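The next block holds one structure in the form of structure tokens; read it before the comments.
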Amino acid sequence: MTRLYGDSNERGKGAKLNWTLPFEWRSRASNFKVGAAYDSKDRESNYRRFGFTTRFAGQEIQNVDLTRPAEEQTTDENIEKGRWTVEETTRPNDSYTADQTVKAIYGMVDMPLLSWARLVAGGRYEDSKQRVDAQSLVAVNDPGLRLDKHFQDFLPAVNLTFTPTELMNVRAAYSKTVNRPELRELSPFGM
């Protein structure tokens, strides 16, 4: 029987700056947009494990009803009598700190090519860093684990919209996206 006690905190902050420049192309209203974004988050997670065993001095204790709820079995009285012993079973990877930053710049043009065709195209460049440091607060001589990931990605997008009738739109689109792991997914912590 194991009891897990833990505390996790995650903090995030971000900022965006966008600018739109309207213009006319072939007497049709169009827009050019640019922007920049910054997002960061950091996470701290600390857990400790305690195991309750029915062994004392190498011998199994008799008369322990394991069908009763854990809260009734692991009372001070049963621990003092030696029916249960408490042992720290915290793993070396039960605590970690992690952070992530994403810096991005992006641009987009939105313009009608013809009266029945519209183009929206752009791209986003991202510089992303993720770091995880896992080291137990209580495990002795634990070298821990350090993970650093750095990504630089260009993410294009193109969308063509055709309007053959007033009641119908036909779209053709292409885009590239990215889905990075969450900080908790990068950590070696496991239940």
Side-chain angles (χ1 to χ4, degrees), residues 2-49 91 93-135 144-191:
T2 301
R3 288 288 183 251
L4 181 67
Y5 300 92
D7 179 45
S8 290
N9 292 301
E10 185 168 299
R11 293 163 296 282
K13 56 187 168 185
K16 288 184 181 180
L17 178 64
N18 295 307
W19 180 63
T20 301
L21 175 66
F23 67 96
E24 283 195 14
W25 191 77
R26 294 187 179 176
S27 300
R28 295 183 178 99
S30 304
N31 287 305
F32 177 69
K33 299 178 182 181
V34 294
Y38 174 83
D39 286 299
S40 74
K41 61 181 160 181
D42 60 86
R43 182 179 179 91
E44 184 177 337
S45 182
N46 297 300
Y47 283 84
R48 289 183 73 180
R49 298 170 194 263
R91 299 175 189 165
N93 59 358
D94 279 345
S95 295
Y96 68 91
T97 59
D99 58 68
Q100 173 178 303
T101 59
V102 178
K103 300 172 193 168
I105 56 172
Y106 43 88
M108 180 186 83
V109 64
D110 178 358
M111 56 191 287
L113 299 175
L114 301 165
S115 61
W116 51 271
R118 181 170 208 84
L119 169 71
V120 178
R124 177 180 172 100
Y125 172 78
E126 286 190 358
D127 184 86
S128 172
K129 294 180 182 177
Q130 292 177 311
R131 182 191 57 81
V132 174
D133 282 316
Q135 187 162 17
L145 168 83
R146 182 174 179 101
L147 177 68
D148 279 301
K149 291 185 174 265
H150 186 196
F151 304 97
Q152 293 177 320
D153 298 296
F154 178 69
L155 309 168
V158 178
N159 184 348
L160 284 168
T161 304
F162 303 98
T163 313
T165 71
E166 286 185 18
L167 301 175
M168 181 190 316
N169 282 341
V170 178
R171 298 182 195 273
Y174 167 81
S175 66
K176 181 180 176 182
T177 62
V178 64
N179 185 14
R180 295 191 183 90
E182 291 287 329
L183 295 175
R184 62 180 168 71
E185 294 172 327
L186 289 173
S187 77
F189 175 74
M191 294 303 252

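In this chain, residues are counted from 1 in sequence order. Just so we're clear, the structure is a prediction, and the values are computed from it rather than from any experiment.
Scanning for side chain to side chain contact (heavy atoms under 4.5 Å, CB included) contacts around Ala121 gives Val109, Leu119, Val158, with sequence neighbours left out. Take Glu182 and apply the salt bridge (Lys or Arg N to Asp or Glu O under 4.0 Å) test, not counting sequence neighbours, and it matches Lys41. Contacts of Asp148 classified as side-chain hydrogen bond (donor to acceptor under 3.5 Å, both in side chains), with partners at least two apart in sequence or in another chain: Arg146. Residues forming a side-chain hydrogen bond (donor to acceptor under 3.5 Å, both in side chains) with Thr163 (at least two apart in sequence, or on another chain): Asn169.
Listed here is the closest heavy atom pair of Phe32 and Phe23: N-CE2, 3.8 Å. Between Lys103 and Tyr38, the shortest heavy-atom distance links the atoms CG-CD1, 3.8 Å. In this structure, Pro156 and Tyr174 approach most closely via the heavy-atom pair CG-CE2, 4.0 Å. When all heavy atoms are compared, the tightest approach of Trp25 to Pro112 is CE3-O, 3.2 Å.
Distance CG/Leu183 to CD/Glu10: 6.0 Å, rounded to 0.5 Å. Atom OG of residue Ser45 and atom CG of residue Asn9 lie 9.0 Å apart, to the nearest 0.5 angstrom.
For residues 15-39, the set of pairs meeting the salt bridge (Lys or Arg N to Asp or Glu O under 4.0 Å) definition, not counting sequence neighbours, is empty. Every pair passing side chain to side chain donor-acceptor pair (under 3.5 Å) that includes a residue from residues 114-132 is listed here, sequence neighbours excluded: Asp99-Arg131, Gln100-Gln130, Asp110-Arg118, Arg124-Glu126, Tyr125-Gln152, Glu126-Arg180, Asp127-His150, Asp127-Gln152, Arg131-Asp133.
With contacts defined as side-chain heavy-atom distances shorter than 4.5 Å, the pair Asn18/Tyr106 qualifies. For the pair Arg171/Asn159, a side-chain contact is recorded, criterion being any heavy-atom separation below 4.5 Å from C-beta on. Using a 4.5 Å heavy-atom threshold, the side chains of Thr161 and Val120 count as separate. At least one side-chain heavy atom of Arg43 sits under 4.5 Å from a side-chain heavy atom of Tyr96.
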